[in-house]
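Worth knowing before you read on, the calculation uses all heavy atoms, side chains too, and leaves out hydrogens, waters and symmetry mates. Starting from 1, each residue takes its place in the sequence as its number.
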Amino acid sequence: MDNENPRARLYYLFGTNQNPQGSSWLARLPAGIFAISVGLFGLVGAWRRAAAFGWNIAASVASVLIWPVAAIWITSLILYALKCKRHPQAVKGEYHHPVKGSLQALLPLSVLLAVIQFQQPTQGVWLVLALAALGLHVLIALRVVATLATGQMPANAITPALYLPVVGGALVGGMTLATLGLSGWAAMLFGTGLSGWALLEARILSKLFEGPMPEPLRPTIGVELAPPAIATLTAAVIWPQLPAEVLMIGLGVCIAPFVGVMARYHWWRNVPFSIGFWSFSFPLAALASVVLEAVHRGGWPLWIGVAALLAASAAIAFLVLRTVVLLLQGRFLPAA
């Protein structure tokens with residue numbers, strides 16, 4: 001890449017102009033599409049949690065939501081599988097890309113969350129599916145970690161998206177294994193996720209504090225909210241006996257990233273909407289689930305958890321509406 005052309009370098013890094021002229025829409029289908037399924041599965045989980053904790057109407061809402069969410073997920077899987085078959089070089093290019101490679105981790109994350117929602121104790125296929133997703137996640141994470149550890153990661157690619165392969169898979173994987181009854185292995189993955197978070201946090205935050213993220217990546221700032229919310233939710237799933245006070249510590253840790261993201265609001269509010277803004281969906285859904293867990297375990301009024309759930313639902317409903325508009329306008333996929 002020509003180092004004397006900074007704009008071309010940004011286009012390469014963030015994929016705004018790297019597709020060959022005339023490439024098909026399938027070749028341009030980004031792995032980031034799975035952020036939609038990840039966020040929606042997280043929301044379904046929050047509604048199911050509310051139902052389990054005594055809000056009767058929540059069970060009906062969850063039952064209505066799960067099937068269109070499953071349809072979106074399955075459609076995404078089929079389309080990306082077709083991309084792998086027909087455009088393997090495009091998929092390989094994503095895998096080795098300094099930014100898109102991290103976003104590929106959303107695919108196995110969506111599978112792990114689907115296992116949580118659909119698993120049945122007597123059906124071993126869900127464990128096989130979870131292990132396959134974890135294996136794929138390891139492949140993606142190893143490539144990202146190797147790039148970071150050898151100093152080959154471009155400075156402009158140091159963004160919260162790196163949390164997805166290094167932290168997200170371990171935490172969500174721990175949640176999944178705990179749901180499948182493998183609490184010991186789940187605890188180990190939880191520790192792995194915490195160590196990855198600790199290793200990345202200082203590096204990513206120091207880069208964010210230097211100034212605005214490059215505009216094409218600003219929508220993904222929502223990933224910054226994910227580690228504390230998901231870590232707290234994973235702990236709640238692995239250890240059901242944890243008291244509300246411990247979960248409140250996790251909620252307290254969520255405050256600083258939230259303030260940091262909102263303090264940068266003027267950097268990303270005017271960026272054209274894209275599926276990158278779905279980066280906010282799963283952290284918000286996980287945060288609502290944590291509030292519900294704390295309310296239940298602390299014996300506090302249920303309306304506190306309901307308010308958190310409705311707020312997360314409203315934000316994700318807004319994302320759904322804007323995404324439908326993108327589809328109708330023909331701007332859902334990156335331009336060729």
Derivation of the side-chain contact (heavy atoms from CB on, under 4.5 Å) call for Leu189 and Leu134: CA-CA 10 Å; Leu189 282 181; Leu134 286 171; 4.2 Å; yes
Please work out which of the three classes, parallel, tilted or perpendicular, describes the rings of Trp67 and Phe118, given edges at 30° and 60°. tilted
What distance do Gln119 atom CD and Leu180 atom CG have between them, rounded to the nearest 0.5 Å? 5.0 Å
Is the CH2 atom of Trp185 crowded by more than 12 outside heavy atoms at less than 6.0 Å? no
Strictly under 6.0 Å, is that where the ring centroids of Phe190 and Trp239 end up? yes
With clusters defined by side-chain heavy atoms of hydrophobic residues (ILVMFWY) lying less than 4.5 Å apart, directly or transitively, does Ile74 cluster with Leu106? yes
Taking C-beta and beyond as the side chain, do Phe258 and Leu287 meet within less than 4.5 Å on heavy atoms? no
Taking it one step at a time, do Asn156 and Lys207 satisfy side-chain contact (heavy atoms from CB on, under 4.5 Å)? CA-CA 9 Å; Asn156 281 340; Lys207 185 63 182 176; 4.2 Å; yes
Measure the shortest side-chain to side-chain distance between Leu139 and Arg143 over non-hydrogen atoms and say whether it is less than 4.5 angstrom. no
Nearest heavy atoms of Gln117 and Gly45, plus distance in Å: NE2-CA, 3.4 Å
Do Ile238 and Val253 sit in the same hydrophobic cluster, where Ile, Leu, Val, Met, Phe, Trp and Tyr count as joined when their side-chain heavy atoms come under 4.5 Å apart? yes
Got a salt bridge between Lys83 and Glu94, using NZ or NE/NH1/NH2 to carboxylate O under 4.0 Å? yes
For the residue pair Trp268 and Phe280, is the inter-centroid distance of their aromatic rings smaller than 6.0 Å? yes
May I ask you to test the Met153-Leu162 pair for a side-chain heavy-atom distance under 4.5 Å? yes
When every non-hydrogen atom of Pro108 is compared with those of Ala133, the smallest separation belongs to CB-O, 3.3 Å
With a 4.5 Å limit on heavy-atom distance, are the side chains of Ser37 and Val69 in contact? no
Are the side chain of Arg49 and the backbone of Glu293 linked by a donor-acceptor contact shorter than 3.5 Å? no
Does a side-chain heavy-atom distance below 4.5 Å link Phe34 with Gln104? no
Quick one: does Ser281's side chain get under 4.5 Å of Leu40's, heavy atoms only? no
With ring centroids as reference points, do Phe282 and Phe41 lie under 6.0 angstrom apart? no
Taking a hydrophobic cluster as the set of Ile, Leu, Val, Met, Phe, Trp and Tyr residues connected by side-chain heavy atoms closer than 4.5 Å, whether directly or through intermediates, do Leu251 and Leu302 fall within one such cluster? yes
Would you find a donor on one side and an acceptor on the other, under 3.5 Å apart, between the side chain of His137 and the backbone of Leu164? yes
Verdict with reasoning, Tyr80 to Val91, per side-chain contact (heavy atoms from CB on, under 4.5 Å): CA-CA 9 Å; Tyr80 204 77; Val91 177; 4.1 Å; yes
Rounded to the nearest 0.5 Å, how far does CG of Leu43 lie from CG of Leu309? 6.5 Å
Spell out, yes or no, whether Tyr265 and Met213 are grouped together once hydrophobic residues are joined by side-chain heavy atoms under 4.5 Å, including indirect joins. yes
Using atom types as modelled and distance alone, determine if a side-chain donor or acceptor of Arg297 lies under 3.5 Å from a backbone N or O of Glu245. no
Of all heavy-atom pairs between Val144 and Ser102, which one has the smallest distance, and what is that distance? CG2-OG, 3.9 Å
Locate the shortest heavy-atom distance separating Gly222 from Pro283; write the atom from each residue and the value. O-CG, 3.6 Å
Measure across Ser289 and Leu233 and return the closest heavy-atom pair with its distance rounded to 0.1 Å. CB-CD1, 3.7 Å
For the side chain of Ser110 and the backbone of Trp73, is there at least one donor-acceptor N/O pair under 3.5 Å apart? no
Interatomic distance, Trp300 atom CH2 to Leu292 atom CG [nearest 0.5 angstrom]: 12.0 Å
Interatomic distance, Arg203 atom CZ to Leu148 atom CG [nearest 0.5 angstrom]: 8.0 Å
Beyond-backbone contact of Leu171 with Trp197, side-chain heavy atoms, under 4.5 angstrom: no
Testing Val38, Ile316, Thr220 for side-chain contact (heavy atoms from CB on, under 4.5 Å) with Trp278, which one passes? Ile316
Determine, stepwise, if the pair Trp126 / Thr176 fulfils side-chain hydrogen bond (donor to acceptor under 3.5 Å, both in side chains). CA-CA 10 Å; Trp126 298 108; Thr176 305; over 6 Å; no
Enter the distance from Leu200:CG to Ile158:CD1 here, rounded to the nearest 0.5 Å. 8.5 Å
Please check if Val320 and Leu310 belong to a single hydrophobic cluster, counting links between Ile, Leu, Val, Met, Phe, Trp and Tyr side chain heavy atoms closer than 4.5 Å. yes
Phe277 and Arg322: CA distance, side-chain angles, deciding distance, side-chain contact (heavy atoms from CB on, under 4.5 Å) verdict: CA-CA 10 Å; Phe277 279 101; Arg322 293 299 303 271; over 6 Å; no
As an exercise, state the distance from CG of Leu109 to CD1 of Ile230, rounded to the nearest 0.5 Å. 7.5 Å
Write down the atom of Ala146, the atom of Thr150, and the distance for their closest heavy-atom approach. O-OG1, 2.6 Å
I'd like to check Leu199 versus Val166 (side-chain heavy atoms, cut-off strictly below 4.5 Å). Are they in contact? no
For the pair Arg264 (side chain) and Gly260 (backbone), establish whether a donor and an acceptor sit closer than 3.5 Å, ignoring hydrogens and angles. yes
